[in-house]
> 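What follows is a single structure, and I will ask about it in a moment.
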Amino acid sequence: MNLFARLNVLQQGRRFKWIASAVLVSVWLLAMGWLWVTANRPDAAAGQPVVASQSGTDQAGVTPGPFARFVDAGPMTLVKVGAETAVATMRTPEGTAVVAAVSFGFVAGGLLVIWLGLGLSYLAILLVGWGVAWPLAAWPPTARLGQVLLGAVPLTLAFLVLMQALRLALGAPIPLFAVAKNVLIEAVRMKVSLVFIVMLILMMALVPGMLTEDQPLRYRVQQWLSYGVGLSYTVLALLTLFLSAATVAFEQRDRVIWQTMTKPVPHWQYVLGKWVGVMSLNAVLLAVSSTGVFLFTEYLSHQRARGETAYLVREDGRRSHPDDPNVRQVVDIRMNEVKQRIPAFKDTPERREIMARQVAAEFMSEDRRILENQVLSARVGVRPDPPILDEEAIKKELDERVAQVLADNPGMRETRSMRKAQEKELLTQVFDQARSIAPGGRQIFVFSGLGEVKKAVNRGELTLRYKINAGSNNPSAIYKVMFVISGYPREVTSALKVMNSMSIEPEVIDDEGKLVLEVHSHPDNGLTMSFPPDGLEVLYRVGGYEANFFRVMTTIWIKLGFIAAVAIAAATFLNFPVACLVAVTVLFAAESAGFLKESLEVFVSYDESTKTTNYVAVVVRAIAVPVSAAFERYADLKPGTSLVEGRLLGWPTMIQAAGLIGAWTLGALTLGWAAFRRRELAIYSGN
Amino acid sequence: MSEAPIVLSQGLTKLFKDFWLRDRARAVDGINFEVRRGEVFGLLGPNGSGKSTTIKMILGLLRKTSGRLAVFGKSPQDVSIKKRIGYLPEESYLYPFLNARETLDYYAKLFQLDGAVRRRRIDELLDMVGLSNVQHRQVREYSKGMQRRIGIAQALINDPELLILDEPTTGLDPIGNRQVKDLIDMLGRRGKTIILSSHLLSDVEDCVDRLVILYGGKIRAEGTCDSLLESREKVVLETDALDPQTIGEINGVLERHARSHARVSRPRQRLEDLFIGLVEKAQSDRVATSGAQHGGRTASFLEGEAGGAALIENLVEANQQPAMPADRPREAMKPAGPDQSLLSSLSAATKPAAPAPENTGAVEPDQSVIGSLLDGAGPDKPKSDGATENRGR
Ligand SMILES: Nc1ncnc2c1ncn2[C@@H]1O[C@H](COP(=O)(O)OP(=O)(O)O)[C@@H](O)[C@H]1O
Ligand SMILES: [Mg+2]
């Protein structure tokens, strides 16, 4: 007891803080230096694997003794793996900056802890946590539990540090901040929210173990991203919903709010304070979980891919790293060729760098290349140009159809809306027609606007994504199709209703930035095949996944903000269960607005054939139509899917989302404020 | 008193409606009163008489149905007046997950008090309500009385001009009870305005300047304590122990004056005093407690910072009976009764020395309402109150 007290005094002391900070910073500097030297050692680049394989045997084939196994199971593995991943990252362009930034984040956290006077406490938690986890991880029956704990301890610490930082940041004596800070304390000290928080951290630590090693690396990475991001969003959405509703509703039920609102607290500060509290908790949790997801993605992607003996080392011994001597040799040869062809060509280091990256990509194993280009990347998709319509023919056909309808229904008059409906139907048919190919037939698709890709210096490869439908999509049918891309034929087979992808070379884009795709359906195919509206797309890479990852997480946070606002607004005048119900309903409506919109097209209130009005449908449409219109953009925004499919969620998209969802959030909060202001707090009709 | 009143109520009415907007209860029914600056104002009435409802309207927690209500000359919903108000609800409604210190810190921040002021006030208030040594335990672990004490501290954190206490002594032990009364007394002397509600006459009689008595949402009586409580028909006589002979003589005197129902009885020590004595002894013997401590000094910022303490000290000394230093200043005697000639004739035979009588104000309930208040303490009265025991009969 006395020892603890004395240690506590020690860690609060100024001298301790300075010394500990100095130690931490020097360790960091030393580590960075060591990593840099290791990463730039010339012999390391000569095809030596950077990351030791995970299985028990080393690359040398020596089985480690029990002691080594014990050491390997412990936290040292984390450090080792971290160091190896860092070294590997540092060998990629900009890698040094990434490693420096990420590791500085940890150092900043450490400094914060030290200066909060908690240095020794946190160190103790870390040591005790790992001390428990280590033997568990080393003993095979509990290895999994131990590994989960090994990962959970640093995540928990990160959570604690960030919460401390937040409580400091919200320390100002302003009602808004006081209310917000109170939400944070409530979230941590009330059991319900804590369950969510623990759940999130444990799941983050648990999922990596579920990724089986027998599948290609790209699938593992994709699965991890999908689980990691999906889990974070789901858990945080639920936590946000319940916490927001609870913190506002229970306070009124339990009358604790009386003492708050009889103090000089403007209503808006109370409502906004609650929101800020929930959202800063979300920010912390999202930061922790996304750091977890990011670091483990980095780790995974530096593992051996299919067809590699080690990271970036192909089974045939080729090393697909831009700095590899073999790669440099090829670059030299190609540069000379170009210079001979184009005398004016300038041989700059940048050009060489770009070419080195291209050559390295060519040297990659297929698994690695797909991983880099289709998963850990930010790609933009282009759909085929719409068919050029013959306006005259369309008009003629439309007139005929309208006349036909009038002839079939003697009492009917021609109205604008009826003509519109006919036109819509006709166009849909025409477009569907343009994507359909009979057995033995062919169809031409043009993708334009790809000029930038061809010119782009940092271009990656292009991907063609396609999905084939035919009839009622017999699950056992296999269709044979030939794609002729700018003259180069390629034959493929595919099951129906399955999304496929195929790599194509950027060279196939013509000078106008067009890519011409000719699709032939094999005569043996049973039925007319067609591509659904989203079933044909050319994707090109515009960057890596890192910045995309950040934007995806930010977008998720923005979406959580809306959930929080709805739940808070509902809870200002409804009791907890009802508020939750309302918030869930709004959320569900928002998320499913896209689906709703599709359903509404067939769900009509007036049946032309029977000439009856379905009044239930009238009511449903009256609610559903505005909802689907309002939330269409919200529903379109699928940050998790973008990340998993390696699609770009660009700054403009993110800012637009922030604007749109931000406006909705503000609207919900304003509603909550108005309802709250009108409330008589001492009348508790809520329960 | 030409100054504008702190609270002004005219025809104030509150109707509670049910879900279908039907009238359910007329909790407050057209009441008129005003609370003047610097007075201790009592709202007295049995349970359900509309005291809390009135208070909640003053605080803006409820909206009036009709009538006029101005607090500091403004609408009760106005946020700007809240800076000057402190409120203790009828029960303790606190965040269970905060500890005492965090609770006070939270409320202090709502008043935008900066760090140093906050720290000092919290320290002093915790000390005053006797929770300093349990300040890091979460409020949910506290006993009812301990929660009440935080409630009181919370109401004082902004050094309010207007302090509204809704039945402040419920749930408190006799010492806490006494402390609250002392506090009210002290704050009253410092010129604070206090609204005090209670269903116990004994709670308010020694500290309020003026009071209204509510029943069924209407005001049944109004005036100063004395004018309401003064009885012209009975008198209490308290002395040191008397031998039977003296008692006989006194009875003789009384009989000569044809007071047939008079009887001299032995005064008993008040339970409250006994209890205080016991605890004070325990404290001087340093017996530890894990519950609420006997509170310490009144927070000095409440005493008006510099100079305030000295002023109080003076007042205390002026009131203190030199012979009984343990006694509290508050027990200044109230006029016992109007029958001066009788009194003076008695005083010749007895020694009106210490101990000073606690409650000489005898009550003759000339209104049935007041009667119900006296022994209306009933089942929800948590402690045995010494005050009712030596009331003359
Ligand atoms: N929220 C409410 N809804 C309906 N009736 C209420 C409500 N609050 C108080 N009342 C009624 O108003 C009357 C006065 O209550 P209150 O002011 O709390 O009395 P007290 O004098 O004991 O503080 C009681 O009859 C009570 O039942
Ligand atoms: Mg009451």
Side-chain angles (χ1 to χ4, degrees), chain A residues 8 167-168 170-194 243 246-248 250-270 273-274 277 575 673 676-687, chain B residues 14 16-19 24 27 52-53 55-64 76-99 102-103 105-115 117-118 138-140 150-151 154-155 157-158 160 164 166:
Chain A
N8 192 32
R167 285 176 66 171
L168 270 189
L170 292 174
I174 299 168
L176 193 150
F177 283 12
V179 170
K181 188 176 160 185
N182 214 27
V183 175
L184 285 184
I185 301 178
E186 179 180 3
V188 178
R189 295 196 190 159
M190 298 307 268
K191 304 287 176 293
V192 189
S193 351
L194 203 61
L243 178 64
T247 187
V248 175
F250 288 156
E251 208 163 304
Q252 293 186 32
R253 185 195 65 185
D254 300 339
R255 304 168 198 186
V256 186
I257 197 170
W258 290 2
Q259 277 157 103
T260 297
M261 294 317 289
T262 49
K263 309 236 178 314
V265 181
H267 288 80
W268 69 267
Q269 286 206 20
Y270 178 83
K274 289 289 183 192
N575 66 18
W673 166 77
F676 184 54
R677 231 165 61 107
R678 299 201 44 202
R679 244 173 108 57
E680 278 185 285
L681 288 172
I683 290 191
Y684 10 92
S685 53
N687 43 350
Chain B
K14 179 70 194 178
F16 285 109
K17 300 198 188 262
D18 67 9
F19 183 78
R24 192 158 56 179
S52 299
T53 306
I55 285 176
K56 285 169 197 162
M57 282 191 281
I58 294 173
L59 288 159
L61 288 173
L62 287 174
R63 289 213 174 81
K64 60 179 193 256
Q77 318 297 340
D78 197 319
V79 178
S80 67
I81 59 170
K82 310 273 194 239
K83 266 197 178 59
R84 308 155 75 176
I85 301 176
Y87 167 51
L88 174 70
E90 55 205 324
E91 271 175 57
S92 312
Y93 305 121
L94 299 162
Y95 292 104
F97 49 84
L98 296 180
N99 65 35
E102 289 165 337
T103 302
D105 198 51
Y106 169 72
Y107 291 116
K109 281 179 176 169
L110 299 185
F111 287 105
Q112 313 202 359
L113 300 179
D114 66 47
V117 178
R118 227 159 52 221
Q138 288 187 14
V139 168
R140 65 173 129 218
I150 305 181
Q154 157 286 130
I157 194 90
N158 58 328
I164 300 178
D166 198 351

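A note on names: the letters A, B, ... follow the listed sequences, proteins ahead of strands, and every chain is numbered from 1.
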> Could you tell me which of Leu98(B), Ile85(B), Thr53(B) has the largest number of non-hydrogen atom pairs under 4.5 Å with chain A?
Leu98(B)
> Counting heavy-atom pairs under 4.5 Å with chain B, which one of Gly171(A), Pro175(A), Pro173(A) comes out on top?
Pro173(A)
> What part of Leu113(B) lies closer than 4.5 angstrom to a heavy atom of chain A: side chain, backbone, both or neither?
backbone
> Ring of Phe177(A), cation from Lys109(B) - is the NZ or CZ under 6.0 Å from the centre and inside 45° of the axis?
no
> Among Arg63(B), Gln138(B), Glu102(B), which residue forms the greatest number of heavy-atom pairs with chain A at distances under 4.5 Å?
Arg63(B)
> Chain A: which of Gly60(B), Gly86(B), Ser92(B), Pro89(B) shares the most heavy-atom pairs with it under 4.5 Å?
Pro89(B)
> Among His267(A), Gln259(A), Gln269(A), Met261(A), single out the residue with the greatest number of heavy-atom pairs under 4.5 Å to chain B.
Gln259(A)
> Taking side chain as everything from C-beta outward and backbone as N, CA, C, O, which of these in Val179(A) sits under 4.5 Å from a heavy atom of chain B? Side chain, backbone, both or neither.
both
> Decide, yes or no, whether a salt bridge links Lys56(B) with Glu90(B) under the criterion of side-chain N to carboxylate O below 4.0 Å.
yes
> Side chain, backbone, both or neither: which part of Arg84(B) has a non-hydrogen atom closer than 4.5 Å to chain A?
neither
> Rounded at 0.5 Å granularity, tell me how far CD1 in Ile257(A) sits from CG in Leu681(A).
5.0 Å
> Side chain, backbone, both or neither: which part of Asp254(A) has an atom under 4.5 Å from a heavy atom of chain B?
backbone
> Tell me if a side-chain donor or acceptor on Lys181(A) pairs with a main-chain N or O of Leu168(A) at a distance below 3.5 Å.
no
> For the atom pair CD1 (Ile683(A)) and CD (Gln252(A)), what is the distance rounded to the nearest 0.5 Å?
12.0 Å
> Is there a donor-acceptor contact under 3.5 Å from the side chain of Lys83(B) to the main chain of Pro160(B)?
no
> List for me each residue that meets side-chain contact (heavy atoms from CB on, under 4.5 Å) alongside Pro96(B), sequence neighbours excluded, and say none if there are none.
Arg140(B)
> What part of Lys14(B) gets closer than 4.5 Å to chain A, counting heavy atoms only: side chain, backbone, both or neither?
side chain
> Taking only residues two or more places apart in sequence or in another chain, which ones pass side-chain contact (heavy atoms from CB on, under 4.5 Å) with Glu91(B)?
Tyr93(B)
> Against chain A, work out which of Phe111(B), Tyr87(B), Tyr95(B) has the most heavy-atom pairs shorter than 4.5 Å and name it.
Tyr95(B)
